[in-house]
Protein chains: 2
Amino acid sequence: MIVRQAANVLEIMEYFAQAKKPATLAEIADHFGWPRSSTFNLLATLSEKGYLYEPRRRGGYYPTPRWLTLARMVSEVEPLPPWVHALISELSAETGETASIVAPSGVMAVFIDVVESQAPIRYFATIGHRIPIHASASGRALLLQYSKEERDQLYRKIEFRPYGASTPISIEAVEAELRNSIARGYCQSFGDYSRDLAGAAIPLPIGDRRLSVVVAGPEFRIGPKVPDVAALIARTIDRLRPKTAA
Amino acid sequence: MIVRQAANVLEIMEYFAQAKKPATLAEIADHFGWPRSSTFNLLATLSEKGYLYEPRRRGGYYPTPRWLTLARMVSEVEPLPPWVHALISELSAETGETASIVAPSGVMAVFIDVVESQAPIRYFATIGHRIPIHASASGRALLLQYSKEERDQLYRKIEFRPYGASTPISIEAVEAELRNSIARGYCQSFGDYSRDLAGAAIPLPIGDRRLSVVVAGPEFRIGPKVPDVAALIARTIDRLRPKTAA
DNA sequence: GCGAAACGTACATATATGTGAATTTATCTG
DNA sequence: CAGATAAATTCACATATATGTACGTTTCGC
C-alpha cells in the first residue's frame, strides 16, 4: 500500500526543485489538483516542522535550508570515494553518453550517482531512479556479485514481466545471461527494460558494497559500440581505482 | 490539522540523519513505536519513490543521495551571499555564542543559517528552528523592517501567550519594545520566549529579503554583554557587507 | 474607494487509510 | 540440519483523516 501523504511530501519537494521559486497554496493545489483544504494542511505541517517557510509577505512557501542540512548529514555516511565520481565523469565525457553508479535495493537497482550525457537525445536518468535488477545491464552486474543462494532468494520475489522483446522472463534466462556476461567480460542490455535503450555495465565492488558502473544511451547510437564502451569502462576503472586497498 | 504521515517522513529522515547508518524496518518501528505494518507501508512508499534503498543484503534501509540532489536544487535559488555566513561564523567565534540568520514566516521567525557556539552550555539552535516573531530579538529585528500596516495585519494573527516573565503580551507592548529597539540601535530579548536565553539582534535586509542577524546564549553569560555584542554585530556587518549594491 | 474575485482558513462528515492479527519468510541456535 | 525465534508481508476492518462546503480576509481592477 502506498502512503499517499508521504508521497505528497516528496512530490512537493520535487515541485520546488523544478520551479525554483516560492509557490502559493493555490498554485500548489492547482498544480497537483489537490483540494485547497488538504494542501493547506500539508503545507502547515511542513511549515510547523521547519521545512517550509514564507520568505516574503504573501509570496508563497519555499523549502528552508533544513533539507540541505539533513541531506548532507545522511550523505556524509560512507560517501562514494571521489575517484568513483571521476570515473563516471570521464566515461560520460569520452563516450558522450550517460554514465552511472548503481546499487541494489531488493529486486530493484537504484542509481546512486549519475553524470548525464550532453547529447540532445540521451538516456535521462536521475539519482534515485530504479530499474528491475534482472532486466538491466547494471542490475545484472550487481547480480554477478551475489552467491547462487542469494540470487535464488531474489528470484522468488521477482515478477518476470516482458518489458521488451529481449527481457529475460525466467530464472533460467537470467542465469544464462549472467553466464554469457561472465564469458563476455561485461554485462549488456538491449532494451531489456526501456525501449530503444542499450548499455554496458561492469561490477564495481567497493569495500563491502556491491555496486556497478553502467554507460547507457539510445540503441541506435551506442548499440554497435557496446563492446568498445565496455572495454573503455574496464580500462578506466583499472586506471582510476587505487591499487592499495582491497 | 497536522498530516501525520507527512510528519512521519520528516521524522524518518531526521532519524537517519542522527543514526548515520542503515536501519531495518523493525528498528525504525520500535524506535518510533509505530506498528510494523504501518512502518512497512511508509518505507515501501519512500523506496518506490527512490528516496530509500537497501545498500546491503538484509542490512536495512538508508536514504539515497536523491535527497541531496533535491536539497541542492532548491537551495541553489537565492543562496545567501557568502559574506553572510562569514558574518555569523565570525560573530560566533568572537563571542563564543551561537550566531544565526533569521527570516520571517508568517507569525514565526525561522532560522535559515546557524553557526553554533562551541561552549558546553549553549543556545542549541538548528536551521529550520522556529520562534514567535514578536517574542524574540531576531523576530523583532524583522518586524522593524515591516510597515506599520504590515505589522498590524500580523498582530491580528498572533496569539499573545506569556512564554516567560518578559514576553510582550499585547500589541502595545510589542510596539513599545520596537520603539525602544530603534532608540537603542538594536533588538534584545531576555527570556522572552525561551527561559534563561538572552540575545541581541540587528536587521539585515538583503535585496528585497528581510532578514536579521542574532547572537544568543545563556542569560548569565551573555546578559551583561548584550550592548557590546550588539555593537560588535553592527561593526562586523559594516565591515563585511559589500558597499556597492544596495 | 468600492465591488468582485481570489486566496486562505475552519469544521463536520464520509471514506480512504492505518493497524492488529495472521501468515509467510528468513535467521539463529544447539 | 531441524526446530525455534525473529523479521517481513498480507489483509480485512474500525477509525483517524482528507475533503466539500462555507466563511473571513486580502488583493486587484476600475
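A note on names: the letters A, B, ... follow the listed sequences, proteins ahead of strands, and every chain is numbered from 1. Values below: every heavy atom of this structure, side chains too, minus hydrogens, waters and symmetry copies.
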**Q.** Proximal nucleotide (of dA10(C), dT9(C), dT19(C)) relative to the Ser37(A) side chain
**A.**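 Shortest atom-to-atom distance from the side chain points to dA10(C).
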Q: Check whether more than 12 heavy atoms from other residues, nucleotides or ligands sit under 6.0 Å from atom CZ of Arg184(B), and answer yes or no.
A: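 For Arg184(B), atom CZ is crowded (more than 12 foreign heavy atoms under 6.0 Å).
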Q: Using a cut-off of 6.0 Å, state whether more than 12 heavy atoms not belonging to Glu150(A) lie near its atom CD.
A: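 Correct, the count exceeds 12.
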Q: Decide if the gap between the ring center of Phe160(A) and the ring center of His134(A) is smaller than 6.0 angstrom.
A: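 Between His134(A) and Phe160(A), which both carry aromatic rings, the centre distance is below 6.0 Å.
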Q) Centroid-to-centroid, Tyr62(B) to Phe16(B), below 6.0 Å? A)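 Close enough - the centres of the two rings lie under 6.0 Å apart.
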Q) Are any of Gln5(B)'s side-chain N or O atoms less than 4.0 Å away from OP1 or OP2 of dT17(C)? A)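 It does not, given that no N or O in the side chain of Gln5(B) lies less than 4.0 Å from OP1 or OP2 of dT17(C).
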Would you kindly give the [atom1]-to-[atom2] distance between [X] and [N], to the nearest whole Å?
{"X": "Leu25(B)", "N": "dG18(C)", "atom1": "CG", "atom2": "C1'", "result": "14 Å"}
{"X": "Leu42(B)", "N": "dT17(C)", "atom1": "CG", "atom2": "P", "result": "13 Å"}
{"X": "Arg156(A)", "N": "dT25(C)", "atom1": "CZ", "atom2": "C1'", "result": "8 Å"}
{"X": "Arg36(B)", "N": "dG18(C)", "atom1": "CZ", "atom2": "C1'", "result": "16 Å"}
{"X": "Phe40(A)", "N": "dC11(C)", "atom1": "CZ", "atom2": "P", "result": "11 Å"}
{"X": "Phe32(B)", "N": "dG18(C)", "atom1": "CZ", "atom2": "P", "result": "16 Å"}
{"X": "Asn8(B)", "N": "dG18(C)", "atom1": "CG", "atom2": "P", "result": "9 Å"}
{"X": "Leu154(A)", "N": "dT25(C)", "atom1": "CG", "atom2": "C1'", "result": "14 Å"}

Q) Want to settle it: does Lys157(A) or Arg4(A) sit nearer the 5' end of DNA chain D, counting the closest nucleotide to each? A)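 Looking at the nearest nucleotide for each, Lys157(A) comes out on the 5' side.
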Q: Using heavy atoms to find the nearest nucleotide of DNA chain D for Pro35(A) and Ala26(B) separately, return the residue whose nucleotide is more 5′.
A: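 Upstream on the strand: Ala26(B).
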Q: Take Ile2(A) and Gln153(A), find for each the nucleotide of DNA chain C with the closest heavy atom, and name the residue whose nucleotide sits nearer the 5' end.
A: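 That would be Ile2(A).
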Q: Could you pick out which residue, Asn41(B) or Glu27(A), lies toward the 5' side of DNA chain C when each is mapped onto its nearest nucleotide?
A: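 It is Glu27(A), whose closest nucleotide lies nearer the 5' terminus.
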Q: In plain terms, say whether Glu175(B) and Arg151(B) are close enough for a salt bridge, that is, a side-chain N and a carboxylate O under 4.0 Å apart.
A: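 Between Arg151(B) and Glu175(B) there is a salt bridge, with a charged N closer than 4.0 Å to a carboxylate O.
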Q | Smallest separation among heavy atoms of Leu154(A) and Gly106(A), with atom names | A |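 Smallest heavy-atom distance, with atoms named: CD2-O, 3.6 Å.
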Q: Please list, in 5' to 3' order, the outermost nucleotides of DNA chain D lying under 4.0 Å from any heavy atom of chain A.
A: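 Contact span on the strand: dT9(D) to dT27(D).
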Q: Examine Arg130(A) relative to Phe111(A) and say whether NZ or CZ is less than 6.0 Å from the centre of the six-membered ring and inside a 45° cone about the ring axis.
A: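 No - Arg130(A) does not lie over the ring of Phe111(A) by the 6.0 Å and 45° rule.
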